[in-house]
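Working notes for the structure below.
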Amino acid sequence: MSEDRFQQVAIVGLGLIGGSIGLATQAALPGTRVTAYDADESVRIRARERGLAHEVFGDIRGAVADADLVVLCVPVRAMGETALALQGALKPEAVISDVGSCKQSVADAIAAALPGQPLVPAHPVAGTEHSGPDAGFATLFRNRWCILTPARDTPADAARRTGDFWTALGANVEIMDARHHDLVLAITSHVPHLIAYTIVGTASDLEDVTRSEVIKYSAGGFRDFTRIAASDPTMWRDVFLSNKEAVLEVLQRFSEDLSALQRAIRWEDGDALFDHFTQTRAVRRSIIEEGQDDARPDFGRRDHGANEGGANGGGATGGAGGGDQPG
């Protein structure tokens, strides 16, 4: 851990990710002061009750005034507007970061709002289906990946210190190009969420199967779809609109692969189905071997309650493990 770690961290947005950052920072970096802000007064009240930060401000500019690192934990399409509210309130050397699961559009919006401010976009690939100030817990990022996407002109020291911060919170840090990140997350998080929302909606709308039957006879696969589809609607609406190019590219490939499976089923091509299922089974085993999920029948997703929810990071959300929800 670097000796020049951030002395004050400001969190803007106190949902699952923002609240977890506050708790994790206090647990892992006891000498670091944590300040926070949320636009919702009821959230601020609950954040104070839970001790998500040392001080929760009712004024965003007051929360960031002395910060060395400011982490924006708001929906991705609100990043630019939130950054605009910080103009003139930051120390010149303060590093701006975020937790959004779309990186290129977010980086562009923040850079346009705060030109010249050191910017290190970040995406902690961790989450649950829970949201709000009661959802955060200190171990959410433990053994999960946090992807940093600094631009070429980002000061190396800012990127290093931001990486050290996430390492201290228990995350494994990876550096990646922003556009490549968006394509990777479209595959691993965004499109899987879209599929989950779709299949749950199809089941709900299917006239020949009642809603009570869908709920009563849900098998493990459908239950997992409903867990993913329970993620925050505002955040996911913004994710799909902000990363539309990569999402549409992956959806096109998915549609083509789905058509191939339809043909195999129609023509009773058992060999093609068997080969495809064997290949995809190997991917699941690799995820378990990498420590990103659990081989137990419940996938390691024990019900810890809203305050300790299982961090099966895997998007969001999220990243897909139930919703990599950035506040």
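The figures here come from the full heavy-atom set of this structure, side chains too, leaving out hydrogens, waters and symmetry mates.
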Practice item. State, with a plain yes or no, whether a side-chain heavy atom of R5 is found less than 4.5 Å away from one of D164. Key: no

Study note, to complete from the structure: Contacts of D182 meeting side-chain hydrogen bond (donor to acceptor under 3.5 Å, both in side chains) (sequence neighbours excluded), chain-then-number -> none

Check your understanding: Backbone N or O of S189 within a donor-acceptor pair of the H193 side chain at under 3.5 Å?
Key -> yes

Exercise for review: Can you measure from CZ (F254) to CG (L251) and round to the nearest 0.5 angstrom?
Suggested key: 8.0 Å

Check your understanding: When rounded to the nearest 0.5 angstrom, what distance separates CZ in R50 from CD1 in I45?
Key -> 15.5 Å

Practice item. Taking all heavy atoms of A126 and all of I17, pick out the closest pair and write down the distance. Key: O-CD1, 3.6 Å

Revision key, fill the gap. Applied to residues 98-122, the salt bridge (charged side-chain N to carboxylate O under 4.0 Å, His left out) test, sequence neighbours excluded, yields D98-K103

Practice item. Before accepting this row, confirm whether a basic side-chain N of the pair D40/R44 lies closer than 4.0 Å to the acidic partner's carboxylate O. Key: no

Check your understanding: Between the main-chain N or O of Q87 and the side-chain N or O of R61, is there a donor-acceptor pair closer than 3.5 Å?
Key -> yes

Practice item. Taking ring pair (Phe, Tyr, Trp, His ring centres under 6.0 Å) as the test, write out the residues that go with F240, two or more places apart. Key: W236

**Study point:** Under 3.5 Å side-chain donor-acceptor pair for H190 and S101
**Key:** yes

Check your understanding: With sequence neighbours excluded, what pairs up with F274 under the side chain to side chain contact (heavy atoms under 4.5 Å, CB included) test?
Key -> T278

Study note, to complete from the structure: Interatomic distance, CD1@I96 vs OG1@T82, rounded to 0.5 Å, equals 11.0 Å

Study note, to complete from the structure: On a heavy-atom basis, the closest approach of V56 and R48 is O-NH2, 2.9 Å

**Study point:** Backbone N/O of V34 and side chain of H54: donor-acceptor pair under 3.5 Å
**Key:** yes

Review point. Within a reach of under 6.0 Å around CD of E245, are more than 12 heavy atoms found that belong to other residues, nucleotides or ligands?
Key: no

Check your understanding: What pairs meet the salt bridge (charged side-chain N to carboxylate O under 4.0 Å, His left out) rule with one or both residues in residues 191-204, with sequence neighbours excluded?
Key -> none

Check your understanding: From W267 CH2 over to Q262 CD, what is the distance, rounded to the nearest 0.5 angstrom?
Key -> 13.5 Å

Review point. Looking at residues at least two apart in the chain, or sitting in another chain, which of them share a salt bridge (Lys or Arg N to Asp or Glu O under 4.0 Å) with D257?
Key: R253

Review point. Just by distance, do the side chain of S242 and the backbone of S105 share a donor-acceptor pair under 3.5 Å?
Key: no

Practice item. Evaluate the side-chain proximity of V99 to I21: yes if any heavy-atom separation is below 4.5 Å, no if none is. Key: yes

**Study point:** Shortest non-hydrogen contact between P92 and P118, atoms and distance
**Key:** O-CD, 3.5 Å

Revision key, fill the gap. Here the gap from L23 atom CG to Q26 atom CD, rounded to the nearest 0.5 Å, amounts to 6.0 Å

Exercise for review: Please check if the side chain of S131 supplies one atom and the backbone of L16 the other of a donor-acceptor pair under 3.5 Å.
Suggested key: no

Revision key, fill the gap. Sorted by chain and residue number, the salt bridge (Lys or Arg N to Asp or Glu O under 4.0 Å) partners of D269 (sequence neighbours excluded) come out as none

Practice item. Given side chain to side chain contact (heavy atoms under 4.5 Å, CB included), test D157 with R160 step by step and report yes or no. Key: CA-CA 5 Å; D157 183 64; R160 175 184 57 79; 2.2 Å; yes

Point to revise | Counterpart residues, salt bridge (Lys or Arg N to Asp or Glu O under 4.0 Å), relative to R237 (two or more places apart) | key: none

Point to revise | Expected output: side-chain N172 to main-chain W145 donor-acceptor under 3.5 Å | key: no

Point to revise | Contact check, side chains of L86 and I60, non-hydrogen atoms, under 4.5 Å | key: yes

Study note, to complete from the structure: With sequence neighbours left out, the residues meeting side-chain hydrogen bond (donor to acceptor under 3.5 Å, both in side chains) with Q252 are E256

Practice item. Consider only side-chain heavy atoms of I, L, V, M, F, W and Y, link residues closer than 4.5 Å, and tell whether L52 and F57 are in one cluster. Key: no

Check your understanding: When Ile, Leu, Val, Met, Phe, Trp and Tyr are grouped by side-chain heavy atoms lying under 4.5 Å apart, directly or through other members, which residues fall in the same group as L261?
Key -> I265, L273, F277

Revision key, fill the gap. Minimal heavy-atom distance between A264 and A272, with the atoms involved, is CB-CB, 4.2 Å

Review point. So do the side chains of V125 and I147 get within less than 4.5 Å of each other, counting heavy atoms only?
Key: yes

Check your understanding: Does R161 use its side chain to pair, donor to acceptor, with the backbone of D4 at less than 3.5 Å?
Key -> yes

Revision key, fill the gap. Between A83 and L114 the two heavy atoms that sit nearest each other are O-CD2, 3.5 Å

Check your understanding: Quick check: does any side chain N or O of Q117 sit under 3.5 Å from a backbone N or O of A94, one acting as donor and the other as acceptor?
Key -> yes

Practice item. Check whether any side-chain heavy atom of Y37 lies under 4.5 Å from a side-chain heavy atom of D59, and answer yes or no. Key: no

Output a table of donor-acceptor pairs, distance under 3.5 Å, between side-chain atoms of residues 62-80 and any protein atom two or more places apart or on a different chain; print 'none' if there are none.
| from | atom 1 | to | atom 2 | distance (Å) |
| --- | --- | --- | --- | --- |
| D68 | OD1 | K91 | NZ | 2.7 |
| D68 | OD2 | Q7 | N | 3.0 |
| D68 | OD2 | Q8 | N | 2.9 |

Exercise for review: Give a yes or no on whether the backbone of A151 and the side-chain of T154 come within a donor-acceptor separation of less than 3.5 Å.
Suggested key: yes

Practice item. Would you check, one step at a time, whether the test side chain to side chain contact (heavy atoms under 4.5 Å, CB included) holds for V191 with V247? Key: CA-CA 6 Å; V191 169; V247 167; 4.2 Å; yes

Exercise for review: Could you list the residues that satisfy salt bridge (Lys or Arg N to Asp or Glu O under 4.0 Å) with R33, not counting sequence neighbours?
Suggested key: E55

**Study point:** Cluster link F165 to I175, ILVMFWY, side chain under 4.5 Å
**Key:** yes

Point to revise | Validation row: F6, T162 side chains within 4.5 angstrom (heavy atoms) | key: yes

**Study point:** Check: L148 main-chain N/O paired with E174 side-chain donor or acceptor under 3.5 Å
**Key:** no

Review point. Hey, does F141 have a side-chain heavy atom less than 4.5 Å from the side chain of C146?
Key: no

Practice item. Find the distance between CZ (R179) and CG (N243) and round it off to the nearest 0.5 Å. Key: 10.0 Å

